[in-house]
Amino acid sequence: MQVNSSPRSLSRRVWHFFASIKLTLVLLIVLAITSIIGTVIPQNKAPFQYVQNYGKDLFRLFELLDLFDIYHSWWFRLLILLLATNLIVCSLNRFKATWKIVAKRDFRVSKARLEHIKDRTVFAVDSPPDTLYRLYSGIIAKHFPHYHKERTETGILILGDRGRWTRLGVYLVHLSVIILFVGALIGSLFGFSGYVTIPEGGHVDHIRLEKTGKIKPLGFTVRCDDFHVSFYPSGIPKEYRSHISIIEDGREMVRRYVVVNDPLTYRGIKFYQSSYGLISPDRAVVSIFDTRTQKRTHVEVPLNQSIDLPGGEGRFKLIRFVSDIHKMGPAFLVKRIGREGSEESFWILARFPRFDRMRGGRFMFSIENYPKKYYTGLQVNKDPGVYIVYSGFVLMLTGFIITFFMSHRQIFVQIEKEDNGSRVILGGTANKNKLAFDERIEKMVSKMKELAPQGK
Amino acid sequence: MNMNSSYMLSIVMFVYLVSTSFYVATWVYKRTTFGMVARIITITGFACHSIGMIMRWVESYQMGIGHAPLSNLYESLVFFSWTIILIYLIIEFRYKNQIVGAFVTPFAFLAMAYASLSPNIETRIQPLVPALRSNWLIAHVTTCFLGYASFAIACGLGIIYLMKSNNPEGRSNLITGLPRTKILDIMMYNTVVFGFLFLTAGIITGAVWANSAWGSYWSWDPKETWSLITWLVYAVLIHARMVRGWEGTRIAYLSIMGFVAVLFTYFGVNYIPGLHSYGQ
Ligand code: HEM
């Protein structure tokens, strides 16, 4: 341990710890690894499923470590907090130096820096410096419009720089990460997400929250006036839409269709079309075909009431309705009670009248008709942080384009007087994409050489 | 047989096999004629590939279920292959080195072969389920795959880098024709950065789309999470190189690792249930 532990040096040590990019690498790697664990262990399942999969002991250990809800665990949040601190401290630490380069136009500094450049081109020309300057200034100005020129003891020195501000791009990127964190935090503090189902013609004024399962009053009423679903010929749903009205204080405030990918927003709360289904009907018209007599009868059957079969052959009952069975559409569960009291239960599919033939009984059942009433399932969300997150997105992409594709470029051109002409020394540097910049400089040099005849 | 898009695209698969062979021949025998042939064949393949995708688009409209050909695993593989060739051709012209092609075109060929030949992949044009009926689909898929394709190329460059740096200059005929390690390092980094930009854009468009369809821009579904993991790997690469000054070998390993994460995001996640049930 270090002996020196006065508060000042402690705070400095903490500052250094957070300013370190080594910490960034460690945090990013740890975040990646924990995220992987979260995809390997299924998240937010029922406890008994985990016990089944992992056994009791492992289950307890994993639960202690929050491994069943990793992304919302305290330690995952701590990692994010550490990363945010790391990012802020690191940026503050470096910003002063960057700002010095960006804001001030100190040619003494750039001169000193440029003179260290080893990669330089030197060539001799037969004309005096002033003539050359006149010839070259156009080419230089094309690449560096605001260049600086000064006379030295031996000739002329030109300094050009461009794109200083692009050094700020990386701060934009890092700021955008912080903004994303802030937006997500606001969303989790002040937002909610829930679910509601409304039968056609029905209305609700509360929803059920996803996380806690609690009821949350909305403060207004949502009514489903109408629901419609259309299918592709293959039977896959093509589009489903709910006609939704919002009623507040007895007045209708909004009325419109809601379809998948186009939610309705009211008071910052969004309603997304998310599912639908058929409401269990209270009756159905059943068609009964007697294979012995080849006779068909139609009976209207209320759900859960025994009905006599033709010819005193016992009774039957519709027990239950499901809106979709194994993706084959709506189905009814039928119970048949024979003359001697024998019982038999089976499903009949509303969309496939010949399905029951496969059972091979004396009576073949199918559904002729039943009242089709839908319910609509709406996802209900509020997230006041979402526009902050979106602005973080825009900022991040802008920042990337600046940092990745733009650079701060600097050159110097020194034209020195020699016996009967001049010696030109040219060098340049860029903080990014040096290769592309070198090519550009080469082009500049060859243009310069074309403009003035070269010496020996 | 009448000419439809599937037929066209399976021809493209063979064209890429031929161009892969020519790129490998260019690398092994160092003949510029092979290089010329490889380039011409690849460009022809790319043209047919583009036409094939347009044909598929038109066919879907003729079937009355018109949508951009980006809606299932088959179509995404075809597009993946297309973006690899597109970006590779840009790099070939930019850096004037053809040997890299021997390590990149196989990815494009394999993607096409997997798409056309795997019995588990539905090649017919299918109607769009309501959740996919969105303009964000195109933005999301194109950006993601531009990212994936760049990373595929960066991975190829990483492999070349390791071959080159593990064998001292001039020892083997197969090594001498490869670009200098310094150039490889720059190429690798530039492709990674390009891919990172597009992967980010892909994640962002996906998030915006999810928010407009389900009301949540991020729900930790396995595919989302894996794209984040991939993103983190490349963020590590960028910082390690920028700031810690790691030299090429480690960057090459990271670039290969990153592509493994890409492959897992793309294929592996299909074995974990979630919202992105593209593969089933
Ligand atoms: C997940 C969050 C982060 C992202 C997306 C990110 C992204 C980037 C990007 C794109 C660059 C530019 C690389 C280039 O110029 O090619 C960069 C550079 C850099 N990052 Fe980060 N970064 C993150 C977190 C951090 C953190 C936590 C630190 C804190 C130490 C940090 C420190 C730096 C530094 C020092 C540079 C070099 C800046 C320069 O050019 O002088 N980054 N980062």
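A, B, ... follow the sequence lines: proteins, then strands. Residue 1 opens every chain.
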Under 4.5 Å from a heavy atom of chain B, the part of A/Asn433 involved: side chain
Under 4.5 Å from any heavy atom of chain B - which part of A/Ser35: both
Ring centres under 6.0 angstrom apart (A/Phe76, B/Trp220): yes
Choice from A/Gln379, A/Lys22, A/Gln43 maximising heavy atom contacts with chain B below 4.5 Å: A/Lys22
A/Lys432 charged N/C atom sitting above A/Phe404 aromatic ring, 6.0 Å / 45°: no
Interface residue of largest heavy-atom contact number with chain A, from B/Ala261, B/Ala240, B/Gly215, under 4.5 Å: B/Gly215
Geometric cation-pi criterion A/Arg77 and A/Trp74, 6.0 Å radius, 45° cone: no
B/Ile186, part contacting chain A, at a heavy-atom distance under 4.5 Å: side chain
Part of B/Val233 within contact of chain A (heavy atom distance under 4.5 Å): neither
Pair B/Tyr266 + B/Phe80: ring centers closer than 6.0 Å: yes
Basic-acidic side-chain contact under 4.0 Å: A/Glu239, A/Arg241: yes
A/Asp383/A/Lys270 ion pair, N-O < 4.0 Å: no
Worked check of side-chain contact (heavy atoms from CB on, under 4.5 Å) between B/Leu263 and B/Phe151: CA-CA 10 Å; B/Leu263 289 179; B/Phe151 293 144; over 6 Å; no
Pick from A/Leu435, A/Val389, A/Ile401 with the largest number of heavy-atom pairs that fall under 4.5 Å of chain B: A/Val389
Per-residue contact mode, A/Phe271 against chain B (heavy atom under 4.5 angstrom): neither
Greatest number of heavy atom pairs closer than 4.5 Å to chain A - which of B/Val208, B/Leu228, B/Ile203, B/Thr230: B/Val208
Proximal component of B/Phe198, with respect to chain A [non-hydrogen, under 4.5 Å]: neither
